[in-house]
Protein chains: 2
Amino acid sequence: MQHHYQKLKAKLKQKILKNVYKPGDVIPSEHDLMERYSLARSTVRQALDELWKEGLITKTRGKKSIVAENKKKALWLFSVKGFSAVVGEEGEVKTVFLKKPYKVRWDKSFFYPLTVKEIDTGAICVERLRSVGEFPVMLEYTYIPETSISISSEKDFVHNSLFETLRVKYGIDIEKAEQELVATGSTKEVAAVFNITQGTPVLHVYRKYHTNKPGLFIYSSFYCYTGKFSIGNLFE
Amino acid sequence: MQHHYQKLKAKLKQKILKNVYKPGDVIPSEHDLMERYSLARSTVRQALDELWKEGLITKTRGKKSIVAENKKKALWLFSVKGFSAVVGEEGEVKTVFLKKPYKVRWDKSFFYPLTVKEIDTGAICVERLRSVGEFPVMLEYTYIPETSISISSEKDFVHNSLFETLRVKYGIDIEKAEQELVATGSTKEVAAVFNITQGTPVLHVYRKYHTNKPGLFIYSSFYCYTGKFSIGNLFE
DNA sequence: GAGTGGTCTAGACCACCTG
DNA sequence: AGGTGGTCTAGACCACTCG
């Protein structure tokens, strides 16, 4: 959280999530934000653009931007900030760590090609289940190269958040990500977690996170049950 | 294709797709592109950022950007420019119009809320099937408000492309889009098109395109069979 | 140390919206 | 007509890469 646009983005996001700016409200114009925070317009715009991509505001030429109505029953998870922003009404998003984080050796046929250095060091796997209200919706396996990282208990997490922990304790920031999507029938294990019948279609996502540390990538494989909530995103 | 960054993006994209810049090649630095095309750096960067989001180049601090290796068996369709960019080796992407475009009245329970004006006018539906090589991968239904648009035959299409047609003939540019994803079992009709057994999981996408014409939105509902090719995208 | 991409500033013009 | 967001310019500093 070092760049100006990230700080501004975080401030506005907080105000939106804490209902200082309510759904349907206008937010200050780019010009106002420039003056209020002593920033150049392009910096303000970068912050607002990211808020738009996360589905928090809508922008229209000639009008002020407004806080999005969060009525959708969609999960907005195609942003590297992950899962937090989203989902109105139906209930809050909760994250549960299924096991203690554990060490693994990279599988020979990992879903993304690995560098030699990555293969030499092992990885730490974190298993998490996300729920909206009572409904489990996302089962995630995250793989972090063991280089200079030591997480051995869920108590090591800051604010119960993996990425927050990486940022605060290790200075690791997520900058970008690439992913691949596949629709697949749920396995017995996945079905059990989501409380659905085996074979029910689920979304399987493979993800590779790019960090601010050159050569350091974080990988993730997760399943989404879209029967209760769809997956939403915005793009250009 | 009016803005400078869009023109530059299109030029670079052409060079990449026509293999003037081959996978693994470096492309000219931002500074070079500034001078060559007499543009400001931020304009060059906007073009390159969009190419990155479409998966055509990779960027690294301190190094020149390079043309991405298109080895992935993934469809890169989360960009409003649609389908064209993608998929190496395995074969070319083809688009087939399944029927003549036909008029429909909006369904009462359309997948996105409609304005009164939209409901009053009807819509034109275009059914298309996309294939990679021999494999059909995407069955799409696109709905265009009938306002000031008259497409009645597939021969009305420019370059066999719907969006190209809207741009050239009607001055309609797609700027942004929002979408929702659901994993679902294929219906009999969908299964028949993809030549799979009924119930095989497919990805169902609902999409709303925002255009440069205020109040004009284009809607799309499509199915992706991800058994042969996954769906890929990049984000921040 | 020179080159590169990431961030940032301080202006500008335009098309669009509203009163 | 004045305000708004979308595009654009012409600079600047930084962290990083590489020879």
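The nearest whole Å value for the distance from the CZ atom in Arg45(B) to the P atom in dT7(D) is 16 Å. For the pair Leu8(B) CG and dT9(D) C1', the computed distance is 15 Å after rounding to whole Å. When the P atom of dG3(D) is taken as reference, atom CD of Glu35(A) falls 11 Å away, rounded to whole Å. To the nearest angstrom, P of dC8(C) lies 15 Å from CG of Leu33(A). Atom NE2 of His4(B) is separated from atom C1' of dG6(D) by 13 Å (rounded to the nearest Å). Spacing between atom OH of Tyr37(A) and atom P of dT9(C) amounts to 14 Å, rounded to whole angstrom units. Distance, His31(A) NE2 to dG6(D) P: 16 Å, rounded to whole Å. Across the protein-nucleic acid pair, Met34(A) atom CE and dC8(C) atom P stand 14 Å apart, rounded to whole Å.
Taking 4.0 Å as the cut-off between side-chain N and carboxylate O, Arg167(B) and Glu164(B) count as a salt-bridged pair. Between Glu175(A) and Arg61(B) there is a salt bridge, since at least one side-chain N of the basic residue sits less than 4.0 Å from a carboxylate O of the acidic one.
Along DNA chain C, the nucleotide nearest to Leu39(A) and the one nearest to Glu30(B) differ in position, and the one closer to the 5' end is contacted by Glu30(B).
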Which atom pairs, donor and acceptor, lie under 3.5 Å between side-chain atoms of residues 210-221 of chain A and protein residues at least two apart or in another chain?
from: His210(A); atom 1: NE2; to: Glu178(A); atom 2: OE2; distance (Å): 2.9
from: Thr211(A); atom 1: OG1; to: Lys213(A); atom 2: N; distance (Å): 3.1
from: Thr211(A); atom 1: OG1; to: Lys213(A); atom 2: O; distance (Å): 3.1
from: Thr211(A); atom 1: OG1; to: Leu216(A); atom 2: O; distance (Å): 2.8
from: Asn212(A); atom 1: OD1; to: Asp173(A); atom 2: N; distance (Å): 2.8
from: Asn212(A); atom 1: ND2; to: Gly171(A); atom 2: O; distance (Å): 3.1
from: Tyr219(A); atom 1: OH; to: Glu118(A); atom 2: OE1; distance (Å): 3.2
from: Tyr219(A); atom 1: OH; to: Glu118(A); atom 2: OE2; distance (Å): 3.1
from: Ser220(A); atom 1: OG; to: Glu140(A); atom 2: OE2; distance (Å): 2.6
from: Ser221(A); atom 1: OG; to: His204(A); atom 2: NE2; distance (Å): 3.0

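Nearest to the side-chain atoms of Gln46(B) among the listed nucleotides dT9(C), dT4(D), dC8(D) stands dC8(D). Across dG6(C), dT9(C), dT4(D), the shortest atom-to-atom separation from the side chain of Lys64(A) is found for dT4(D).
OP1 and OP2 of dC8(D) both lie 4.0 Å or more from every side-chain N or O belonging to Tyr5(B). Side-chain N/O atoms of Lys176(B) include one lying less than 4.0 angstrom from OP1 or OP2 on dG6(D). Within the structure, every side-chain polar atom (N or O) of Ser42(A) is placed at least 4.0 Å from both OP1 and OP2 of dT7(C).
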Exercise. Could you check Tyr143(A) against Trp106(A) for side chain to side chain contact (heavy atoms under 4.5 Å, CB included), going step by step and ending with a plain yes or no?
Key: CA-CA 9 Å; Tyr143(A) 301 89; Trp106(A) 299 104; 3.7 Å; yes

ask   = What do the steps show when you test Ile144(A) against Leu162(A) for side chain to side chain contact (heavy atoms under 4.5 Å, CB included), and what is the final call?
value = CA-CA 10 Å; Ile144(A) 309 161; Leu162(A) 173 57; 3.8 Å; yes

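When atom types are taken as modelled, the side chain of Thr165(B) and the backbone of Val158(B) share a donor-acceptor pair closer than 3.5 angstrom.
Residue contacts for Ser29(A): at a heavy-atom cut-off of 4.0 Å it reaches the sugar-phosphate backbone alone, with no base atom in range. Among the heavy atoms of the strands lying under 4.0 Å from Ser38(B) are primed sugar atoms or P, OP1, OP2 only; no base atom is included. Counting any heavy atom pair closer than 4.0 Å across all strands shown, Leu48(A) reaches no nucleic acid atom.
Here the options are Glu54(B), His4(B), His3(B), the test is side-chain hydrogen bond (donor to acceptor under 3.5 Å, both in side chains), and the partner is Lys9(B); only Glu54(B) passes.
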Given protein heavy atoms under 4.0 Å, the one-letter contact record of nucleotides 12-19 of chain D, with B base, S sugar-phosphate only and - none, is simply B---BSS-

